[in-house]
Amino acid sequence: QVQLVESGGGLVQAGGSLRLSCAASGSAFSIYAMDWYRQAPGKQRELVASITSGGSTEYVASVKGRFTISRDNAKNTVYLQMNNLKPEDTAVYYCHVFVIWGQGTQVTVSS
């Protein structure tokens with residue numbers, strides 16, 4: 001019954017911004033850390049950003065200063081604000097909580 005649903009992906013030009021959302025249904029997740037991963041064709045799935053239940057955050061070096069992860073526990077939702085997007089950010093982005101994965105949302109950044 002637990003499900004994660006991502007939204008907010010799309011096609012943007014380099015330098016643009018997107019805000020991804022991941023909404024959890026069927027269970028509260030306030031006690032869990034939440035993560036965003038991404039996977040480009042031919043590459044391994046990569047951890048992009050994490051946020052603990054207390055709000056502490058970590059980022060992969062390539063997105064530091066450009067991406068911000070946040071959460072709204074009252075809405076069971078985690079966000080990824082992506083600014084100054086680059087073509088190398090193109091990937092399917094996945095929300096992750098514990099052992100549960102979302103379906104992914106496509107982000108495509110054109111040069």
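In this chain, numbering begins with 1 at the start of the sequence shown.
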**Message:** Using a 3.5 Å distance criterion without hydrogens, assess whether the side chain of Gln103 forms a donor-acceptor pair with backbone atoms of Glu6.
**Reply:**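 Yes; at least one donor-acceptor contact below 3.5 Å.
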With rounding to the nearest 0.5 Å, note down the distance linking [atom1] in [X] to [atom2] in [Y].
| X | Y | atom1 | atom2 | result |
| --- | --- | --- | --- | --- |
| Asn73 | Ser53 | CG | OG | 8.0 Å |
| Lys43 | Arg38 | NZ | CZ | 8.0 Å |
| His96 | Tyr37 | NE2 | OH | 5.5 Å |
| Cys22 | Leu80 | SG | CG | 10.5 Å |
| Asp89 | Ser62 | CG | OG | 7.0 Å |

**Request:** Can you spot which of Ile51, Asp72, Thr68, Ile69 makes a side chain to side chain contact (heavy atoms under 4.5 Å, CB included) with Tyr79?
**Result:**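 Considering Ile51, Asp72, Thr68, Ile69, a side chain to side chain contact (heavy atoms under 4.5 Å, CB included) with Tyr79 is found only for Asp72.
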**Item:** Exceeds 12 heavy-atom contacts within 6.0 angstrom, atom OH of Tyr32
**Value:**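 Check fails, neighbour count at 12 or below.
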**Item:** Glu58, CD atom: more than 12 neighbouring heavy atoms under 6.0 Å
**Value:**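 Open: at most 12 neighbouring heavy atoms sit under 6.0 Å from CD of Glu58.
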**Request:** If the plane angle is over 60° it's perpendicular, under 30° parallel, otherwise tilted; pick one for Tyr94 and Trp101.
**Result:**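 Judged by the thresholds at 30° and 60°, the geometry between Tyr94 and Trp101 is perpendicular.
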**Asked** Which of parallel (below 30°), tilted (30 to 60°) and perpendicular (above 60°) describes Phe67 and Tyr93?
**Response**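 Rings of Phe67 and Tyr93: tilted, as their planes differ by 30° to 60°.
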Grouping I, L, V, M, F, W and Y whenever their side-chain heavy atoms are under 4.5 Å apart, do [X] and [Y] come out in a common cluster?
| X | Y | answer |
| --- | --- | --- |
| Ile31 | Val99 | yes |
| Phe29 | Val5 | no |
| Leu11 | Val107 | no |
| Val60 | Val109 | yes |

Which heavy atom in [X] sits nearest to a heavy atom in [Y], and how many Å separate them?
| X | Y | result |
| --- | --- | --- |
| Ala40 | Ala91 | N-CB, 3.9 Å |
| Met82 | Leu20 | CE-CG, 3.7 Å |
| Leu4 | Ala24 | CD2-CB, 3.6 Å |
| Thr90 | Gln106 | CG2-NE2, 4.1 Å |
| Arg71 | Thr52 | NH1-O, 3.1 Å |
| Cys95 | Val78 | SG-CG1, 3.6 Å |

**Request:** Could you pull out all residues at least two apart from Ser50 that satisfy side-chain hydrogen bond (donor to acceptor under 3.5 Å, both in side chains)?
**Result:**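 If we apply the side-chain hydrogen bond (donor to acceptor under 3.5 Å, both in side chains) test to Ser50, skipping adjacent residues, the hits are Asp35.
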**Prompt:** Looking at residues at least two apart in the chain, or sitting in another chain, which of them share a side-chain hydrogen bond (donor to acceptor under 3.5 Å, both in side chains) with Asn84?
**Reply:**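 Checked Asn84 against side-chain hydrogen bond (donor to acceptor under 3.5 Å, both in side chains); zero matches.
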**Prompt:** side-chain contact (heavy atoms from CB on, under 4.5 Å) between Ser70 and Gln81: does it pass, once the steps are laid out?
**Reply:** CA-CA 8 Å; Ser70 61; Gln81 178 68 46; over 6 Å; no
**Item:** side-chain contact (heavy atoms from CB on, under 4.5 Å) between Thr105 and Val92, worked out
**Value:** CA-CA 5 Å; Thr105 186; Val92 177; 6.0 Å; no
